[in-house]
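See structure below.
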Amino acid sequence: LAGLTFSEVRRYFTRAIPIGVIRAYEGELECLLNPEGDMILEDDDRIASVADSFDDCEPAASPKWGTASASSVADSERVIATSDHRRILVLGWSHKVASILDELAHYGTQQFHIDILSVVSVVERDAALPASFPDQMTVTQLEGDYTKWSLLQTINWASYDNVVVIGSDWLGSSEATDARSVLGYSAVRSILEDVDDPPRLLVEVMDPSNTELFEERPGEVLVSPAILSHMLAHATLRSELTAVFESLFGPRGAELFFRPASDFDLVGTTVTFSHVQDVVGQRGAIALGIRRTNSVNGIPDAPVLNPGATSRWTLGPEHEIVVLTDYE
């Protein structure tokens, strides 16, 4: 595949989705996720792919789908625009909060206003945070118990874009941490039912078995120990994946997004996933899968990642495309 462009190379895979190139620079591996379509692969490049198994990453002898031309899009078409100001409410406290704030501080010129509400004293929390933050970030420390209904009723929920329930690390056990997170989530969810434009809700849990408590309920659940163990296992087996994770979870470069199928004029059509990849690729992004929102309860189903180039979909307004694209 050396000498071909990245757009051309992607057409050789039917059971895997190439998402980037790992290239050595001065002895160090650098991962280029969602590169320009006209980027030419070199002999020593490695292709990073999303696949069910390593065997699925074997390319075909000839292109199997897509258009022959490697179109190059304008920079403005490669970028997903987002709100220039985001308000986030963090409920709870752990050592992860400092890392989260550091990550957000590197997101370009986007403005962040972050309120942190916890029973842990402000003095103790301030000691774990930097003395100052970038101009585009404002952090406000609040003291209070987010599991108390009377306190939750005083919060202007509609003013926030996101609410994050952090798994507190001061309780001494994962069971106690998850119990408090579930209690807080349930109280917040009840409050948000009466909010016209509610913020997105994310809750962190420590025990994967507790995710069953959130089935068919609004909001997203993150099992951080499970994610960390998966990343460690992958990097242990293939050390070059460390460069992929650093690029994917860093503040710059490519990011994961859910985009409505209507953004790509795919609503009302029956298409193969290879056609979805072609259309999304012409916008300077990479299609990784499809997610549908349940029409009964309005809750998104689990995304179907790497469904295979020949799989067929009838897309409607309830469908979203999982894409890897640039963030602004």
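From S7, atom OG reaches atom CE of M39 across 11.5 Å, with rounding to the nearest 0.5 Å. The distance from atom OG1 of T140 to atom CG of L142, rounded to the nearest 0.5 Å, is 6.5 Å. Taken from CG in D326 to CZ in F257, the straight-line distance is 9.0 Å, to the nearest 0.5 Å. Here the OG-CD distance, from S168 to E204, works out to 9.0 Å after rounding to the nearest 0.5 Å. We find the OG-CG distance between S181 and D207 to be 11.5 Å, quoted to the nearest 0.5 Å.
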Between L315 and L266, is a side-chain contact (heavy atoms from CB on, under 4.5 Å) present by the stated rule, with each step listed? CA-CA 7 Å; L315 300 177; L266 292 171; 3.7 Å; yes

Could you walk me through whether H319 and R291 pass the side-chain contact (heavy atoms from CB on, under 4.5 Å) check? CA-CA 6 Å; H319 286 95; R291 180 173 74 167; over 6 Å; no

Using the side-chain contact (heavy atoms from CB on, under 4.5 Å) rule, take T242 and L29 through it: C-alpha gap first, then chi angles, then the decisive distance, then the call. CA-CA 9 Å; T242 301; L29 293 180; over 6 Å; no

Please lay out, stage by stage, how V323 and L256 fare under the test side-chain contact (heavy atoms from CB on, under 4.5 Å). CA-CA 6 Å; V323 300; L256 295 171; over 6 Å; no

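When atom types are taken as modelled, the side chain of R125 and the backbone of I116 share a donor-acceptor pair closer than 3.5 angstrom. Judged by distance alone, the side chain of Q136 and the main-chain N or O of A105 form a donor-acceptor pair under 3.5 Å. A donor-acceptor contact shorter than 3.5 Å links the side chain of S186 to the backbone of V182. Looking at W65, its side chain never comes within 3.5 Å of a backbone N or O of Y12 through a donor-acceptor pair.
No side-chain donor-acceptor contact under 3.5 Å links S274 and Q277. In this model, no donor atom of one side chain and acceptor atom of the other lie less than 3.5 Å apart for E318 and T293. Remark: the S311 side chain and the W313 side chain contain an N/O donor-acceptor pair separated by less than 3.5 Å.
Under the salt bridge (Lys or Arg N to Asp or Glu O under 4.0 Å) criterion, R180 pairs with D145, sequence neighbours left out. Every side chain to side chain donor-acceptor pair (under 3.5 Å) that D56 has, sequence neighbours left out, goes to R15, S53.
Applying side chain to side chain contact (heavy atoms under 4.5 Å, CB included) to Y146 and the options V165, V90, L151 leaves one that passes, V165.
A cation-pi geometry, defined here as NZ or CZ lying under 6.0 Å from the six-membered ring centre and within 45° of its normal, does not hold between R86 and Y160. With F112 as the aromatic partner, R87 does not meet the cation-pi criteria of under 6.0 angstrom to the ring centre and within 45 degrees of the ring axis.
Relative orientation of the F245 and H234 rings is perpendicular, given thresholds of 30° and 60° on the angle between their planes.
L183 and M206 end up in different hydrophobic clusters when Ile, Leu, Val, Met, Phe, Trp and Tyr side chains are linked at under 4.5 Å.
Residues V322 and F258 come closest through the heavy atom pair CG2-CE2, 3.6 Å.
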